[in-house]
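Here's the structure we're looking at; comments come further down.
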Amino acid sequence: MARLLGYVDPLDPSFVAATLAIAFNPLFWNVVARWEQKTHKLSKAFGSPHLACYTLGGAILLLNFLRSHCFTQAMLSQPQMEILDNPMAYSAGLVLLGMGSVFVLSSFFALGFTGTFLGDYFGILKEARVTTFPFNFLDNPMYWGSTANYLGWAIMNASPTGLLLTAVVALVYMLALQFEEPFTAEIYRQKALQAHKRS
């Protein structure tokens with residue numbers, strides 16, 4: 001780890017921008033989604049929960065593109081690590097990128113747009129939580145697939161900065177899950193209770 005940190009300038013503006021983008025994104029969508037779940041103000045402003053969810057989803061996608069851009073710029077602005085600059089490492093990075101993409105895309109297809117982009121906070125609920133692939137293979141496959149994408153990209157670029165930023169991505173996702181998982185579970189618990197009362 002000390003050797004890795006020797007390649008990284010944490011005060012470099014592009015590194016700071018990437019770190020802020022990584023930390024901001026889950027904070028943004030969690031705060032906005034919880035606010036919507038409590039107040040329904042986005043749904044009221046857009047005239048429908050679906051339109052509000054699509055708008056938030058679009059904003060999240062744009063923020064994720066910005067995060068990826070900042071991540072790449074931070075890697076390009078700092079030195080490479082010689083030990084990673086070889087065909088074997090590049091191939092390993094490519095495999096990670098491919099696996100991460102499979103998890104991200106299959107999660108999206110299993111959940112749909114509203115399921116991916118916090119539709120449950122807008123009252124757009126599925127009949128039950130999704131348990132098909134990749135959810136039967138890995139908990140939170142969207143997050144870990146995204147982390148694998150960043151790790152693969154960092155290795156392909158032989159970038160210690162990328163490796164460190166990937167660790168930040170993983171840490172931020174783990175923190176986000178501490179808030180998201182219990183909250184989502186409670187939404188579906190309430191749905192099951194209401195269905196039981198009606199039956």
Side-chain angles (χ1 to χ4, degrees), residues 20-71 97-150 152-153 168-199:
L20 290 174
I22 290 166
F24 176 76
N25 286 11
L27 177 65
F28 167 78
W29 69 62
N30 272 290
V31 168
V32 171
R34 286 198 182 205
W35 174 69
E36 165 62 18
Q37 198 267 339
K38 288 179 180 176
T39 68
H40 306 292
K41 288 196 173 178
L42 278 178
S43 294
K44 291 171 186 169
F46 284 95
S48 100
H50 283 82
L51 185 55
C53 183
Y54 292 140
T55 303
L56 178 61
I60 291 170
L61 284 171
L62 289 174
L63 286 170
N64 285 345
F65 284 129
L66 177 62
R67 176 181 62 182
S68 295
H69 172 74
C70 291
F71 186 99
L97 194 61
M99 287 173 47
S101 297
V102 166
F103 283 127
V104 169
L105 291 173
S106 59
S107 297
F108 180 80
F109 288 124
L111 293 171
F113 191 93
T114 56
T116 299
F117 295 107
L118 306 160
D120 41 4
Y121 291 76
F122 290 81
I124 307 166
L125 302 178
K126 296 192 168 292
E127 288 303 311
R129 295 189 77 173
V130 176
T131 56
T132 57
F133 183 84
F135 295 89
N136 60 355
F137 182 80
L138 180 70
D139 285 336
N140 307 296
M142 181 76 75
Y143 281 177
W144 300 125
S146 177
T147 304
N149 284 342
Y150 282 116
W153 189 232
V168 176
V169 169
L171 178 63
V172 166
Y173 279 157
M174 284 190 285
L175 288 171
L177 288 170
Q178 298 303 307
F179 295 95
E180 290 177 21
E181 285 193 323
F183 201 73
T184 302
E186 178 61 18
I187 288 172
Y188 279 92
R189 190 184 73 80
Q190 292 293 338
K191 179 180 187 284
L193 278 175
Q194 288 170 7
H196 180 69
K197 286 176 184 175
R198 285 195 298 267
S199 61

Between F179 and R34, the two heavy atoms sitting closest are O-NH2, 2.6 Å

Residues two or more places apart in sequence or in another chain: which of them pass side-chain hydrogen bond (donor to acceptor under 3.5 Å, both in side chains) with Y150? R67, S68

Under 3.5 Å, is there a donor-acceptor pair between the side chain of E180 and the main chain of N30? no

P26 and A176 have their tightest heavy-atom pair at CB-CB, 4.0 Å

Ring centres of Y54 and F46 under 6.0 Å apart? no

Plane angle bin for W144 and Y173 - parallel if under 30°, tilted between 30 and 60°, otherwise perpendicular: perpendicular

Mind checking the CG-CG spacing from L20 to L27? Nearest 0.5 Å is all I need. 11.5 Å

Please check if the side chain of S107 supplies one atom and the backbone of F103 the other of a donor-acceptor pair under 3.5 Å. yes

Are F113 and F117 an aromatic pair, judged by ring center distance below 6.0 Å? yes

Taking atom CH2 of W29 as the centre, does the number of heavy atoms from other residues, nucleotides or ligands within less than 6.0 Å exceed 12? yes

Looking at every heavy atom in both T147 and A170, which two are closest together, and how far apart are they? CG2-CB, 4.0 Å

Closest heavy-atom contact between E36 and K41? OE1-N, 3.3 Å

Please determine whether side chain to side chain contact (heavy atoms under 4.5 Å, CB included) holds for the pair V32 and Y121, giving the CA-CA distance in whole Å, both sets of side-chain angles, and the decisive distance to 0.1 Å. CA-CA 9 Å; V32 171; Y121 291 76; over 6 Å; no

Nearest non-hydrogen partners of T132 and A110, listed with the distance: OG1-CB, 4.3 Å

